[in-house]
Asks: 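One structure, pasted below without further comment.
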Amino acid sequence: MSKNFKRTTITSALPYANGPIHIGHLAGVYVPADIYARYLRMRGEDVLFIGGSDEHGVPITIKARKEGITPQQVVDRYHYQIKESFETFGISFDIYSRTSAPIHHETASDFFKKLFETGKFIENTSQQYYDEDNNQFLADRYITGTCPHCGFERAYGDQCENCGTSLSPLELINPKSALSGNVPVLKDTTHWYLPLEDYEPWLTKWILEGHKDDWKANVYGQVKSWIDQGLKPRAVTRDLDWGVKVPIEGADGKVLYVWFDAPIGYISATKDWSAKTGKDWEPYWKSADTKLVHFIGKDNIVFHCIIFPVMLKAEGSYILPENVPANEFLNLENDKISTSRNWAVWLHEYLEDFPGKQDVLRYVLTANAPETKDNDFTWKDFQARNNNELLAIYGNFVNRTLVLTQKYFNSQVPERGELDEISKTALEEMARYPEIISAAIERYRFREALSELMNLARLGNKYLTEMEPWKLIKTDEEKVKVILNVSLQIVANLSVLSEPFLPFSAKKLQEMIDLTGLLWKDAGGDNLLKPGHQLQQPDFLFARIEDEEVEKQVQKLLDTKKENQNAAPAKPAKEPIEFEDLMKMDIRTGTILEAEKVPKTKKLLKLKIDTGIDQRTVVSGIAEFYEPEDIIGHKVSILVNLAPRKLKGIDSQGMILMAEDKDGKLCFVSPTEDFNNGSEIK
RNA sequence: GCGGAAAUAGCUCAAUUGGCAGAGCGACGCUCUCAUAAGGCGUAGGUCCUGAGUUCGAUUCUCAGUUUCCGCACCA
């Protein structure tokens with residue numbers, strides 16, 4: 001599989017510009033991508049490392065509407081913040097671009113046009129309901145009306161909940177827009193689809209046969225499952241006003257679907273880079289001798305392994321990814337990272353709280369990277385890895401070597417003289433590390449690579465302990481010269497080999513030993529520091545992290561947890577209603593008599609309720625929160641005069657009232673005393 | 001419900017084409033003193049998720065199941 005590539009294009013998933021960057025993004029995508037990029041650069045290879053903000057899509061328009069600002073203002077805010085924190089953190093993008101940039105609109109537009117003109121799309125025009133108040137086409141679910149089969153008045157555009165029939169919006173009698181309540185008008189709308197199924201044989205050959213052994217198991221398995229299940233055409237356009245305009249006559253009010261638009265962002269970012277540097281962008285995307293690698297999280301596998309490659313293949317002039325080393329997810333203190341729950345360590349906050357400690361976070365996230373399964377980040381582990389590994393093993397070895405050299409030889413590299421067996425062995429072992437580390441990086445095993453780097457520092461510590469130069473200095477100065485020369489060679493090697501992982505510390509170390517500009521091929525050398533070479537004043541590479549610092553961070557998270565529980569910002573009150581509206585509702589106390597899970601669903605329980613009036617069946621979406629056997633006999637509140645509704649083929653007669661918190665967790669609203677079934681709730 | 005991946009020492013991870021299960025960190029003990037009380041050496045810790053099957057032998061292969069995460073479906 002080892003083709004001879006001339007250059008490498010590395011892409012990292014475009015972060016969505018509706019929130020800042022957190023450690024999950026870093027561990028999954030940006031840190032490994034950066035290590036890879038830095039490593040290849042040190043090998044003297046031609047590398048282009050691409051990043052950028054993904055700025056289109058519905059969530060951004062929703063956020064803008066909520067805050068009363070324009071979508072552009074939303075993305076501006078996060079784009080610059082993200083860009084800056086990446087820079088400070090040392091993610092060495094050659095370009096960090098954005099999808100709202102003109103160059104992207106142009107690129108994505110051209111890309112679409114080419115596929116359109118060469119007949120790669122399926123075109124489908126249909127009549128769809130249009131809400132003239134909101135100036136938009138309505139999704140099926142946003143249209144309600146009377147079901148033509150059973151006469152139920154609140155059927156949805158896709159299905160009647162009463163009789164269970166699948167509907168199309170056009171069949172509804174008296175359709176209404178769920179957004180404005182107005183009568184929508186019918187308009188023709190055309191959309192374009194990418195027929196993924198046409199590429200099945202090609203995908204099978206390319207991935208299932210061609211990358212069986214070199215792609216990660218999770219990536220390969222996921223792709224196989226998609227292909228095996230059969231691919232379907234996928235719409236590439238949608239009716240929305242925020243995004244890249246569909247470049248076709250009469251396609252006003254349509255934009256490219258984000259999933260189509262975003263990956264093209266990698267290409268436009270490359271063009272952006274080209275415009276800024278004057279270098280040609282095309283070889284990085286179109287030369288067969290270019291290795292394209294996508295760094296992503298596991299949620300993005302299908303897009304990068306199936307959809308985007310199909311787009312590139314359909315376009316015809318682009319190369320395909322050589323590998324897609326998707327990572328799993330990182331948790332934080334035993335809980336899923338969540339932007340909405342503010343459960344995260346935000347990069348911009350970390351950089352403020354731990355100035356100058358970029359490498360510590362890089363180290364922890366690499367050593368504990370979710371390469372094969374989800375992992376957990378804890379502040380205790382963060383502290384331990386800094387104090388017990390980075391500082392105690394790496395920092396300490398460097399420091400003791402430099403301090404000894406300063407003490408005995410005024411910080412001048414001593415002559416080496418005759419090598420004894422132990423020293424010889426140490427140098428030989430040292431020389432093996434560049435290859436060991438390279439091999440791990442090239443297989444995208446960064447955790448292993450980093451651990452080998454630490455082993456080199458361990459080798460140094462062990463060597464010093466065995467040789468005891470602090471004793472020998474009294475009797476045999478010549479021997480001490482040998483020992484420190486050898487130790488210094490190990491230090492020099494560390495300064496080179498650690499650059500991809502710990503760029504800030506590597507640089508500092510290189511300055512301390514006054515040795516810069518070395519490349520990967522120099523590593524392993526046993527004479528990097530020449531005798532007589534003057535070293536600079538030694539300084540600590542890493543500082544101890546005290547308990548109170550991490551306790552502060554833990555406290556911050558505890559506060560967040562508290563906030564999430566207590567001060568959940570309640571949703572604003574709904575429209576006022578009249579008393580008579582309330583009186584229309586008949587809510588009673590009831591008792592659950594039977595409960596069982598509805599087959600083939602995740603959320604539904606089928607309940608039999610004694611309402612005092614009768615015994616009836618109700619289907620309720622609570623299976624994720626209650627075990628059927630636990631709730632039998634439970635008192636509940638039930639709305640008894642709600643029109644019956646068919647769920648999964650079961651008639652649900654009424655609705656159990658539930659309280660819902662902001663995470664979507666549900667709990668019963670029950671009488672606090674043992675009231676008779678059928679008691680009215682007013 | 002369907003599909004994918006994962007489950008190994010207190011924690012984070014290795015390994016095995018089927019043959020006494022290994023490392024780092026933590027714990028405990030010993031020890032050097034050049035070094036940021038750091039380093040070095042050693043000890044304890046495992047029914048390799050569960051159950052069945054194939055085999056002389058299974059952590060590894062097969063089947064069934066459990067749990068976690070992701071995707072899809074479904075659902076508010």
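These numbers were taken from a predicted model, which means no experiment stands behind them. So that the names make sense, note that chain A is the first sequence line, chain B the second, and so on, each numbered from 1.
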Asks: Under 3.5 Å between N/O atoms: give me all the protein pairs with nucleotides 3-11 of chain B, atom names plus distance.
Replies:
{"unit_1": "G3(B)", "atom_1": "O2'", "unit_2": "Ser225(A)", "atom_2": "OG", "d": "2.6"}
{"unit_1": "G3(B)", "atom_1": "N2", "unit_2": "Gln222(A)", "atom_2": "NE2", "d": "3.4"}
{"unit_1": "G4(B)", "atom_1": "O2'", "unit_2": "Gln222(A)", "atom_2": "N", "d": "3.2"}

Asks: Give the rounded distance in Å between these two atoms: CG of Asn387(A) and P of A37(B).
Replies: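 Rounded to whole Å, this separation is 11 Å.
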Asks: What integer number of Å spans the C1' atoms of G1(B) and U8(B)?
Replies: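 Comparing C1' positions in G1(B) and U8(B) gives a spacing of 31 Å.
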Asks: Pairing check on A14(B): which nucleotide meets the Watson-Crick or G-U wobble criteria with it, both distances under 3.5 Å?
Replies: none
Asks: Quick check: Tyr363(A) with Phe542(A) (ring centres under 6.0 Å apart)?
Replies: no
Asks: Any base atoms under 4.0 Å from Ala392(A), or only sugar-phosphate, or nothing? Heavy atoms, all strands.
Replies: sugar-phosphate
Asks: Choose from A35(B), C25(B), G71(B) the nucleotide whose nearest atom is closest to any side-chain atom of Glu389(A).
Replies: C25(B)
Asks: With a 3.5 Å limit on both atom pairs, tell me what C34(B) is paired to, counting Watson-Crick and G-U wobble, or say none.
Replies: none
Asks: Once you apply the 3.5 Å cut-off to both distances, tell me the Watson-Crick or G-U wobble partner of U54(B), or none.
Replies: none
Asks: Taking CZ from Arg400(A) and C1' from G39(B), how many angstroms apart are they, rounded to a whole number?
Replies: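 Distance check: Arg400(A) CZ to G39(B) C1' gives 4 Å.
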Asks: Any side-chain N or O of Arg458(A) below 4.0 angstrom from OP1/OP2 of G40(B)?
Replies: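 No, because none of the side-chain N or O atoms of Arg458(A) sits under 4.0 Å from OP1 or OP2 of G40(B).
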Asks: For Arg234(A), enumerate each residue passing the salt bridge (Lys or Arg N to Asp or Glu O under 4.0 Å) test, keeping only those at least two apart in sequence or located in another chain.
Replies: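 So Arg234(A) forms no salt bridge (Lys or Arg N to Asp or Glu O under 4.0 Å) with any residue.
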Asks: Just how far, in rounded Å, is C1' of C25(B) from CG of Asn455(A)?
Replies: 13 Å
Asks: My understanding is that only residues two or more places apart in sequence, or in another chain, count here; which of them pass salt bridge (Lys or Arg N to Asp or Glu O under 4.0 Å) with Glu435(A)?
Replies: none
Asks: Mind checking Leu541(A) for me? I need base, sugar-phosphate or nothing, with any heavy atom below 4.0 Å counting as a touch.
Replies: base
Asks: Select one nucleotide: of A38(B), U36(B), C25(B), the one nearest the side-chain heavy atoms of Leu391(A).
Replies: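 Comparing A38(B), U36(B), C25(B) against the side chain of Leu391(A), the answer is U36(B).
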Asks: Expressed in whole Å, how much space separates the C1' atoms belonging to A5(B) and U55(B)?
Replies: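 To the nearest whole Å, 29 Å.
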Asks: Under the salt bridge (Lys or Arg N to Asp or Glu O under 4.0 Å) rule, collect the residues that match up with Lys606(A), sequence neighbours excluded.
Replies: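 Result, salt bridge (Lys or Arg N to Asp or Glu O under 4.0 Å) vs Lys606(A): none returned.
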Asks: Should A7(B) form a Watson-Crick or G-U wobble pair with both distances under 3.5 Å, which nucleotide is its partner?
Replies: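 When the pairing criteria are applied, U66(B) turns out to be the nucleotide that pairs with A7(B).
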Asks: Name the residue closer to the 5' end of RNA chain B, choosing between Trp470(A) and Thr465(A) according to the nucleotide with the nearest heavy atom.
Replies: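 Whichever sits nearer the 5' end wins; that is Trp470(A).
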Asks: Scan side-chain atoms only and decide if Lys216(A) and Asn327(A) contain a donor-acceptor pair under the 3.5 Å cut-off.
Replies: yes
Asks: Closest nucleotide of RNA chain B for Arg385(A) versus for Ala543(A): which of these residues is on the 5' side?
Replies: Arg385(A)
Asks: Rounded to whole angstrom units, what separation is found between the CG atom of Asn334(A) and the C1' atom of U67(B)?
Replies: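 These atoms are roughly 15 Å apart.
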Asks: Is G45(B) syn or is it anti, if syn means the base angle is within 90 degrees of 0?
Replies: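 G45(B): syn glycosidic orientation.
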Asks: Report the residues that fulfil side chain to side chain contact (heavy atoms under 4.5 Å, CB included) with Ser498(A), sequence neighbours left out, ordered by chain and then residue number.
Replies: Tyr394(A), Leu453(A), Leu502(A), Ala506(A)
Asks: Look at all strands and tell whether Glu468(A) reaches a base, only sugar-phosphate, or nothing, counting heavy atoms closer than 4.0 Å.
Replies: sugar-phosphate
Asks: Between Asn461(A) and Arg458(A), do the side chains contain a donor N or O and an acceptor N or O under 3.5 Å apart?
Replies: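 Arg458(A) vs Asn461(A): no donor-acceptor pair found between side chains.
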Asks: Just call it for Phe329(A): base, sugar-phosphate, or nothing, with non-hydrogen atoms closer than 4.0 Å on any strand.
Replies: sugar-phosphate
Asks: What does Lys336(A) touch in the nucleic acid at a heavy-atom separation under 4.0 angstrom: a base, only the sugar-phosphate, or nothing?
Replies: sugar-phosphate
Asks: Which nucleotide in the set A35(B), C70(B), G26(B) lies at the smallest distance from any side-chain heavy atom of Asn399(A)?
Replies: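 Closest nucleotide among those given: A35(B).
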Asks: Would Gln489(A) and Asn485(A) count as having a side-chain donor-acceptor pair, cut-off 3.5 Å?
Replies: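 Yes - a donor-acceptor pair under 3.5 Å links their side chains.
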Asks: With a non-hydrogen cut-off below 4.0 angstrom, is Lys380(A) in contact with a base, only sugar-phosphate, or nothing?
Replies: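 No contact at all - Lys380(A) keeps every heavy atom at 4.0 Å or more from the nucleic acid.
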Asks: Who are the salt bridge (Lys or Arg N to Asp or Glu O under 4.0 Å) partners of Arg443(A), not counting sequence neighbours?
Replies: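 For Arg443(A), the residues satisfying salt bridge (Lys or Arg N to Asp or Glu O under 4.0 Å) (neighbours in sequence not counted) are Glu448(A).
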Asks: Tell me which nucleotide among U12(B), C25(B), C32(B) gets nearest to the side chain of Ile393(A).
Replies: C25(B)
Asks: From C70(B), C41(B), U12(B), pick the nucleotide closest to the side chain of Lys462(A)?
Replies: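 Selected nucleotide: C41(B).
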Asks: Who is the Watson-Crick or G-U wobble partner of G71(B), with both distances under 3.5 Å?
Replies: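 Base-paired to C2(B).
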Asks: Would one find a side-chain N or O of Asn388(A) under 4.0 angstrom from OP1 or OP2 of G26(B)?
Replies: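 Affirmative; the distance criterion is met.
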Asks: Could you measure between the two P atoms, the one in G42(B) and the one in G22(B), and give it in whole Å?
Replies: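 Per the computed distance, 15 Å lies between those P atoms.
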Asks: Should G29(B) form a Watson-Crick or G-U wobble pair with both distances under 3.5 Å, which nucleotide is its partner?
Replies: C41(B)
Asks: Give the rounded distance in Å between these two atoms: CG of Asn368(A) and P of A14(B).
Replies: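 The distance from CG of Asn368(A) to P of A14(B) comes to 11 Å, rounded to the nearest Å.
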